[in-house]
Amino acid sequence: MGENETAATDAGRDFVRDIVQADLTAGRVQTVVTRFPPEPNGYLHIGHAKSICLNFGIAQEFGGRCHLRFDDTNPVKEEQEYIDSIQRDVRWLGFDWGQNLYYASDYFEQLYAWAEHLIRNGKAYVDDTPAEAMRSARGTLTEPGQNSPDRYRSIEENLDLFQRMRAGEFPNGARVLRAKIDMASGNMNLRDPVLYRILHVPHPRTGDTWCIYPTYDFAHGQSDAIEGITHSICTLEFEDHRPLYEWLIENLPVPAHPRQYEFARLNIGYTVLSKRILTTLVRDGHVTGWDDPRMPTLAGLQRRGVPAAAVREFVRRVGVARANSVVDVAQLEATIRETLNPIAERRMAVLRPLKVVIENYPAGQTETLMAANHPDAPERGQRPLTFGREIFVEQEDFIEDPPKKFFRLSPGREVRLRYAYLVTCREVVKDADGTVVELRCVYDPASRGGNAPDGRKVQGTLHWVAAADAVAAEVRLYNHLFARPDPGADGNVMTDLNPNSLEVLRDCLIEPSLAGTDLPHTVQFERQGYFCRDRDSTVGRPIFNRTIGLRDTWAKAGGTPARR
Ligand code: ATP
Ligand code: MG
């Protein structure tokens, strides 16, 4: 897998990097400190990769550091499995947080003290209004909200109630702590936002210590300040939260004053990048798990055979901007092909085998031919292939009554078997239903290596495997998980699932080197695409995932998955 672990140093210029550069140049910042702050309530997806590459990339390029911080403020949805997978996937992507692994839950005691600080300064109050009533009192974008009757509580009473909230005296939802800002603000986030809620739920890290938990808004900016984050980079949906972020920083005795900057999140056609929906896909069994190769998760991409370098390069090409857009999925696929082409070793595999008997090749005889592992890289070496009287070619490489420009096998037609010989089809054997089950061919013994001895022109070159030593395998072909570019646009995203997103071929034949234990991670099956061995493989039964086809068949087929 070494070839997929190239250094993660893809630089570029964008508005965030310009801001960082300007802050350094002007001396406003000495050491750049960024953070990637996932909530451990699901696996990371390729959208997160954009944020990871940006935050870790900036730290690398400007000689700073990037923290990995779990925003673990909602124990209802958070799990250790997610904490572990997130660390694995950030590392896989090529980034390292060093000693800088943090959890918002590490700061619960400090955050609590700061909440009391707000209360003591008359800037926060305990509100007993039931959730429903509180929602309607918030007003709308065009109407101001209404002050809660509890807004006028004394500081003493607020302190007492908040301390008793912490002590566990009240049930879930009985009361909350709110910031006292402005119920008439044009920004809904400033209408006395909730800072703490009661949740009698154990936390993966703090156990039963707490039964009140800070909200995202109260935890996030203060965590940034504790860690000395200089540039708190997040996605655009947090733009409206920035005034609250700043209000809290200004009204608390925090050790640093980080600034928040927003960029557009990554959206990709035919793809869903919402943890809520991805969670549903896993939970309801629409996919086999978070690392199903059809999933846009980093675990899924990895299992599918996509190198981390391809994900980084894709993110680099997409760039960082403030305008929301949807990236064509073909752009991701092209980047995967371009990344794999120079590094993936070539192998031969026949997905839908058709038997070929070479009549003038002696029965019982075999010979060894050499095949290049990579056509452009002789230093990648060669591997031996067995050739004999019986071989298999791809069913689609034979047509009995071929159209013009079909240069593969048909009766009387001569083709090249890659690295082997020129063969000519003499006879077609069919079963009772008329299905072609075997071809009888003759070979030119003088064409060893695949070259015509007299320089005659042979257009078609086919991949093949030898009956003598081919290994049976299963191959899983994947298509887009969703059948439309904008899943969910008409309402229910689940009805847009592509029923043909997985096609399993159980009777494939692969060359023996593909069944060995020293297989490079992702290989090219000649003329078929890029494939990698799946972890479901057993000793006797290799299973391969198609990472990506060689060409963009999807676009050519007008959006319907090409059956080939
Ligand atoms: P989702 O919307 O999928 O549930 P999230 O934003 O809730 O994702 P977090 O764990 O909070 O998930 O995300 C961690 C970081 O990754 C945040 O800073 C968030 O802005 C960023 N991020 C999430 N999705 C994307 C995306 N599609 N493109 C770029 N950055 C993203
Ligand atoms: Mg989020």
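Each ligand, and each atom within it, is numbered from 1 in the order the structure gives.
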- Task: Run the salt-bridge test on Arg35 and Glu227 with the 4.0 Å N-O cut-off and return the result as yes or no.
- Result: no
- Atoms of ligand 1 close to Ser274 [distance to a heavy atom under 4.0 angstrom, numbered from 1]: 3 (O)
- Set of residues satisfying side chain to side chain donor-acceptor pair (under 3.5 Å) with respect to Glu262, sequence neighbours excluded: Arg242, Gln260, Arg322
- Is there a nitrogen or oxygen of Asn41 sitting under 3.5 Å from a nitrogen or oxygen of ligand 1? no
- Task: Could you list which atoms of ligand 1 come closer than 4.0 Å to a heavy atom of His48?
- Result: 8 (O), 9 (P), 10 (O), 12 (O), 13 (O), 14 (C), 16 (O), 22 (N), 23 (C)
- Query: Taking atom 3 (O) of ligand 1 as the point of reference, which of Lys275, Arg276, Glu39 owns the nearest heavy atom?
  - Reply: Lys275
- Task: Go through Arg535 and Asp291 one step at a time and tell me if the salt bridge (Lys or Arg N to Asp or Glu O under 4.0 Å) criterion holds.
- Result: CA-CA 11 Å; Arg535 61 168 169 70; Asp291 69 347; 2.6 Å; yes
- Output the list of atoms in ligand 1 that are nearer than 4.0 Å to some heavy atom of Leu273, sorted by atom number. 3 (O)
- Sort and list the pairs that fulfil ring-ring contact (aromatic ring centres under 6.0 Å, His included) and have at least one residue in residues 172-199, not counting sequence neighbours. Phe162-Tyr196, Tyr196-Phe218
- Message: Under a 4.0 Å threshold between the charged nitrogen and the carboxylate oxygen, would Arg476 count as salt-bridged to Asp292?
- Response: no
- Message: When you compare ligand 1 with Gly47, is there at least one nitrogen or oxygen pair between them that comes in under 3.5 angstrom?
- Response: yes
- Just distances here: any N/O of Arg35 and N/O of ligand 1 closer than 3.5 Å? no
- Query: Can Asp89 and His48 be counted as having a side-chain donor-acceptor contact under 3.5 angstrom?
  - Reply: no
- N/O to N/O below 3.5 Å, does that happen between Cys234 and ligand 1? no
- Measure from the ring center of Tyr216 to the ring center of His220 and say whether it is less than 6.0 Å. yes
- One finds that the ligand 1 atoms under 4.0 Å from a non-hydrogen atom of Thr235 are 19 (C), 20 (O), 29 (C), 30 (N), 31 (C)
